[in-house]
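Letters go in sequence order (proteins before strands), and every chain restarts at 1. Because the structure is predicted, anything quoted here is derived from the model rather than measured.
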There are 2 protein chains.
Amino acid sequence: MESGRATVRDVAARAGVSATTVSRVIKGDYPVAQATRTRVLRAIRELDYVLNAHARALSGAGTKMVAFVLDDVTGPSFAYVAKGVEQQATAEGRLCMVCTTHGDPARELAVVEAMREQRADAVILVGGGTLDDAYRERMSHFAHALDKAGSRLVLCGRPPLGDDVPSTVVEYDNEGGAYAMTSHLLSQGHRHIALIGADHPGQASTTKIDRLRGFVRAHESFGVPYDPALIVPAGFGRADGHAAARRLITLGARFTAVFAATDMVAIGVLAALREAGLRVPEDVSLAGYDDIPLAADLSPGLTTVRIPTDELGRTAVRLALDRRQPQHVVLGTHIVVRDSVGPARTLSER
Amino acid sequence: MESGRATVRDVAARAGVSATTVSRVIKGDYPVAQATRTRVLRAIRELDYVLNAHARALSGAGTKMVAFVLDDVTGPSFAYVAKGVEQQATAEGRLCMVCTTHGDPARELAVVEAMREQRADAVILVGGGTLDDAYRERMSHFAHALDKAGSRLVLCGRPPLGDDVPSTVVEYDNEGGAYAMTSHLLSQGHRHIALIGADHPGQASTTKIDRLRGFVRAHESFGVPYDPALIVPAGFGRADGHAAARRLITLGARFTAVFAATDMVAIGVLAALREAGLRVPEDVSLAGYDDIPLAADLSPGLTTVRIPTDELGRTAVRLALDRRQPQHVVLGTHIVVRDSVGPARTLSER
DNA sequence: TCTACGGTAGAAACCGGTAACTATCGAATG
DNA sequence: CATTCGATAGTTACCGGTTTCTACCGTAGA
């Protein structure tokens, strides 16, 4: 109880044994006489001894730590991925570091570097991802470096860096979800669907590209042409959706349904539609993407695409820690039907 | 580039200097000739050398790590506290560990123990907190242990453990917020205010107790009696609010306003009111607590009490890392007026 | 010319565990 | 009675930086 900084040797001295014996009592992997063990345990208790994780890490034993890198902890779906990561990490006896990048690729690289210093068992990158070449190259470099050091880079919800890059990839089917939702809208008779939150020219986001791709493919499958004027680039936030929808309405665009690229965008769109006196789903149908917890609580309940957020996190950790598992998986997405999508009303009815 | 496991001595050999010199080049706190520094830096680059954080931590230099312990990463307000912690930790050159306890006091203690092994600079406990005696004692023990080891226990958004316990406490004014909001309602003419989400007898929550206390004190200040039948115990979730409000309505309780103990409760109450054909705020006014991001997106916008979530997190880190600062602060709360509270309509009008 | 000192660089010890190798003792075996 | 083996405990080196403490060199001041 006296020092708070007791070492194995202090404990050893108190118990009248060697440091090795103390170490063995703690690990429990080597036979120690019952009487000795008891004495050691008592000494540990009396000195309030706590093992030094750094010393242990330094001498052989790994770090037992998983690092988790994301844009922003407050992102609606990221929190769930984080939860999955934390759960699985705990289940596998790992601690969990969290770092945020605020979408800054430079900071992301810096953070990964820091994780390399920490000798983390795995470094899990979540979300977004830049397509910039210099960035990809640097990240590939890290993947190789981590690999050589016995660690692992995990790309979670973002596309692979390349075939020769040693990394674990856990994606979800962005394109498939968009395809399913668009098909759902088309099958309800909608022929003029606005996609809000498409790609912004310039800053290529793979998520946006894939969702757009599913949108387009569904139209092709149904043999329905889509109106490029209804594909509006926008950010992924509530305000982006609100502004974009308002602009569309002001411009007098003709549409019977809106497919928002994220639920947050959908919430913004919903507000804009309400302000314009349009009812959902009677006048306009609305669909989102992500199935954030709030989606069910909106009125009307938002029909949206569910992405397996916590499974994403759990899988990332599981695969990274057990290389015998396949190192590239794509998790499925599926639509959740609530009340915000209804049959299309013909445009003239409005 | 070849090993991924290069050490200072490898770098030293390559640069033709001693390990000491390499260390000094990295730290930059000791004069090294320009030419030497250049050679060392080149060697570092060529070997892709990365410092070993554990080795460094072991030899003197602290850990540069802050630990953050909470119930659940997906909690609506916790994410914002986490963000504040992460921001400030980064600003002060610290990495950030996150552990969740799922509300289990035993697991919380285990987690704190693990953080002690990690020699974290500070261990920040967020939210809730148990009032159990054995628990308090164990936690006090940790506070003392961390203190002796030069670290710090931080209680964030939860009450102090006791005067003699070395710890940092960052609270927010639960009682004051409730007082302000209740006053606001009273000043709008409301005389029959229901408080939904008061304390459940048995499981004492300090948060609930304080909010109830503010509610009562405001009534006293205004010289308005409150109806005990309108103070209804409930959990802090959406479903709790919904059920409680429905029960109140079914029972024919007379009230012109509802003060929900959390925004999530308010959302549930709102749904129940709607189902009963009551309009907000025309028929019944509704106020919440927490100002979760969603509060502004409800219709009507929810009038609620803002708690300084990210400031809570930032302050926790700042104080823990600089003991010259006061080690017990109470951050202010204030009401955010939106559209869900209106003047009271007399009960007979309804 | 000798001394002193600023500027640099290195040797060795140390941080706190752990792993590999030794050592000891009593019982079992030949 | 000598040998061997199993159970248990200790010695020592090492993990990879950092930190004294020392040492060297050239030059400026006495």
- Residue-phosphate contact under 4.0 Å: Lys27(A) side-chain N/O, dA19(C) OP1/OP2: yes
- Task: Send over the distance from Ile26(A) CD1 to dG16(C) C1', rounded to a whole Å.
- Result: 11 Å
- Note on the structure: Taking dG10(D), dT8(C), dT8(D) as options, the one with an atom nearest any side-chain atom of Thr21(A) is dG10(D)
- Rounded to the Å, how far apart are Leu58(A) CG and dA19(C) C1'? 13 Å
- Task: Would you state whether a donor and an acceptor, one from the side chain of Ser23(A) and one from the base of dA19(C), lie under 3.5 Å apart?
- Result: no
- Task: May I have the distance from Arg24(B) (atom CZ) to dA9(C) (atom P), rounded to whole angstrom?
- Result: 8 Å
- N/O donor-acceptor pair, side chain Arg9(A) with base dG17(C), under 3.5 angstrom: yes
- Name the nucleic acid region contacted by Val40(B), choosing base, sugar-phosphate or nothing; use a 4.0 angstrom heavy-atom cut-off, strictly under. nothing
- Item | Nearest-angstrom distance from the residue atom CD1 of Ile44(A) to C1' of dG17(C) | 13 Å
- Query: Going by atom types alone, do Thr20(A) and Ser23(A) pair a side-chain donor with an acceptor below 3.5 Å?
  - Reply: no
- Note on the structure: Lys64(B) NZ to dT18(D) P, in whole Å, measures 13 Å
- Starting at the 5' end of DNA chain C and moving along, which residue's nearest nucleotide shows up first, Thr7(A) or Val32(B)? Val32(B)
- Item | Which residue lies more 5' along DNA chain C, comparing Gln34(B) with Val22(A) via nearest heavy atoms | Gln34(B)
- Query: Which one, dG16(D), dT20(D), dG17(D), comes nearest to the side chain of Arg56(B)?
  - Reply: dG17(D)
- Task: Answer whether the closest heavy-atom distance between the side chains of Arg94(B) and Val317(B) falls below 4.5 Å.
- Result: no
- note: Asp10(B), atom CG; dG16(D), atom P; distance rounded to Å ~ 9 Å
- Query: Nearest 0.5 Å, what's the CD-CG distance between Glu46(B) and Asp10(B)?
  - Reply: 13.0 Å
- Item | Out of dG16(D), dA11(C), dA9(C), whichever nucleotide has its closest atom nearest the side chain of Thr20(B) | dA11(C)
- In short, side-chain hydrogen bond (donor to acceptor under 3.5 Å, both in side chains) pairs touching residues 161-170 of chain A with sequence neighbours left out are Arg152(A)-Thr168(A), Thr168(A)-Gln327(A)
- Message: Whether the side chain of Ser59(B) and the base of dT19(D) hold a donor-acceptor pair under 3.5 Å is what I'd like checked.
- Response: no
- Between the side-chain atoms of Arg5(A) and the base atoms of dG16(C), is any donor-acceptor pair under 3.5 Å? no
- Query: In whole Å, what is the span from the NE2 atom of His54(A) to the C1' atom of dG16(C)?
  - Reply: 11 Å
- Check the surroundings of atom CZ in Arg138(B): do more than 12 heavy atoms from other residues, nucleotides or ligands lie under 6.0 Å from it? no
- Query: Minimum heavy-atom separation for Met139(A) to Glu108(A), with atom names?
  - Reply: CE-OE2, 3.3 Å
- Query: With distance as the sole criterion, do the side chain of Tyr30(A) and the base of dA7(D) form a donor-acceptor contact below 3.5 Å?
  - Reply: no
- Query: Looking at dG16(C), does its base get a donor-acceptor pair with the side chain of Arg119(B) below 3.5 Å?
  - Reply: no
- Note on the structure: From CD of Gln118(A) across to P of dG16(D) the rounded distance in Å is 16 Å
- Per Asn52(B) side chain, nearest of listed nucleotides dG17(C), dG17(D), dG10(C): dG17(D)
